[in-house]
Amino acid sequence: MKKKLNENYGYIFEQALLNEIEEVGKLQHLNEGETLINIQQKVLYMPLLLNGAIKIMREDDRGDELLLYYIEIGDTCSMTLNCCMGESLSEIKAIAEVDTEVILIPIQKMKEWLRKYDSWMKFVFDSFYNRTNEMLEAIDTLAFLDMKERLIKYLKDKAFINHTTSLNATHRDIASDLNTSRVVISRLLKKIEQEKKIKLYRNKIEVLEV
DNA sequence: ACATTAAGTGATT
DNA sequence: AATCACTTAATGT
């Protein structure tokens, strides 16, 4: 853990803070598809991403999901930052997009470190800024793009996060991430394929134009 | 060979 | 863009 921590955060945090993180943090491995936190669950830890990627989903009361954005290396989730004052319930659902390693930090430490370490404060503010921007982008996407454009963006993002143009996903999965129906996705994918931007297979999509 | 699941399609709203 | 109803294709047992 020490090594991985240093690789990813060695340049951001001072040594004393790194030591504390090592002391109180728990290393956790998440397999692809595993849930880090679910909606309405108590937020007890703040995750520091070491590698991999996590997708952040919103969910309505019927259980319909919507992909908001991804969290990547060196990131944390700002939703947990809101919670540093006390226990609260998660507004979002976080699922590992690929195999992922995180360090879990008890949220009580967050407040304490804010006063103690400049680098921590800077990190928290930066994270806030980054998440807010991603949130705005998610809103723009929803408000201004039609389903076809959303789908293309989705494919690009997914290819980027997974570091491959060969995506393993069913039309059903995609429809659920975008909160639409499978039929719609199938038809749009067909169109996009005809435009030579992707190639379709069973359970798999090859992204050609990136 | 049969059941299950993924994907394609026309028609309707 | 969503839904229905149905078909076809791929895959697992």
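Below, all heavy atoms of this structure are taken into account, side chains as well, without hydrogens, waters or symmetry copies. Proteins get letters first, then strands, A, B, ... in listed order; numbering begins at 1 in each.
If you take CZ of A:R150 and C1' of C:dA2, they are 13 Å apart, rounded to a whole angstrom. Straight-line distance from the NZ atom of A:K191 to the P atom of B:dG8: 14 Å, rounded to whole Å. Rounded to whole angstrom, the span from the CG atom of A:L151 across to the P atom of C:dA1 amounts to 10 Å. Protein atom CG of A:L145 is 15 Å distant from nucleotide atom C1' of C:dA1, rounded to whole Å. Separating the CZ atom of A:R187 from the C1' atom of C:dA5 is a distance of 11 Å, rounded to the nearest angstrom. With rounding to whole Å, A:N168 atom CG is found 11 Å from B:dA7 atom P. Rounded to an integer number of Å, the gap from CG of A:L200 to P of C:dA10 is 13 Å. The CD1-P distance, from A:I198 to B:dA7, rounds to 12 Å in whole Å.
Between A:K122 and A:D118, none of the side-chain N atoms (NZ, or NE/NH1/NH2) sits under 4.0 Å from a carboxylate O, so this pair counts as no salt bridge. Ionic pairing of A:D146 and A:K148 is not present here: no N-O contact between side-chain nitrogen and carboxylate oxygen is shorter than 4.0 angstrom. Between A:E193 and A:K190 there is no salt bridge, since no side-chain N of the basic residue sits under 4.0 Å from a carboxylate O of the acidic one. Taking 4.0 Å as the cut-off between side-chain N and carboxylate O, A:R58 and A:E91 count as a salt-bridged pair.
Considering only residues two or more places apart in sequence or on other chains, A:E65 meets the side-chain hydrogen bond (donor to acceptor under 3.5 Å, both in side chains) condition with A:K93.
Between the side chains of A:Y117 and A:E20, at least one donor N or O sits under 3.5 Å from an acceptor N or O. A:D173 and A:T170 form a side-chain donor-acceptor contact under 3.5 Å, judged by distance and modelled atom types alone.
Contact between the side-chain N/O atoms of A:H171 and the OP1/OP2 oxygens of B:dT5 is not found at any separation under 4.0 Å. Taking 4.0 angstrom as the limit, A:K190 places a side-chain polar atom (N or O) nearer than this to OP1 or OP2 of B:dT9.
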Which atom pairs, donor and acceptor, lie under 3.5 Å between side-chain atoms of residues 133-141 of chain A and protein residues at least two apart or in another chain?
from: A:E134; atom 1: OE2; to: A:R131; atom 2: NH1; distance (Å): 2.1
from: A:E137; atom 1: OE2; to: A:K153; atom 2: NZ; distance (Å): 3.0
from: A:T141; atom 1: OG1; to: A:E137; atom 2: O; distance (Å): 2.8

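Aromatic ring centres of A:F13 and A:F123: separated by under 6.0 Å.
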Check: For A:N19 and A:Q15, what are the C-alpha separation, side-chain angles and deciding distance, and is it a side chain to side chain donor-acceptor pair (under 3.5 Å)?
Finding: CA-CA 6 Å; A:N19 291 341; A:Q15 194 56 50; 3.1 Å; yes

Next item on the list: Run the numbers on A:M57 and A:D177 for side chain to side chain contact (heavy atoms under 4.5 Å, CB included), then give the verdict.
Entry: CA-CA 8 Å; A:M57 325 266 312; A:D177 278 355; 3.6 Å; yes

Any N/O pairs under 3.5 Å between the protein and nucleotides 6-8 of chain C? List them or say none.
none

Below 3.5 Å between N/O atoms, which protein atoms pair up with nucleotides 11-13 of chain C? Just atom names and distances, please.
from: C:dT11; atom 1: O4'; to: A:R202; atom 2: NH1; distance (Å): 3.4

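Residues of residues 57-67 of chain A having a heavy atom closer than 4.0 Å to DNA chain B: none are found. For DNA chain C, the neighbouring residues in residues 173-181 of chain A, judged by any heavy atom under 4.0 Å, are A:T180, A:S181.
Residues A:M46 and A:K109 have side chains not in contact (no heavy-atom distance under 4.5 Å, counting atoms from C-beta outward). Looking at A:D99 and A:L30, their side chains never come closer than 4.5 Å, going by heavy atoms from C-beta outward.
No side-chain donor-acceptor contact under 3.5 Å links A:N6 to the backbone of A:G10.
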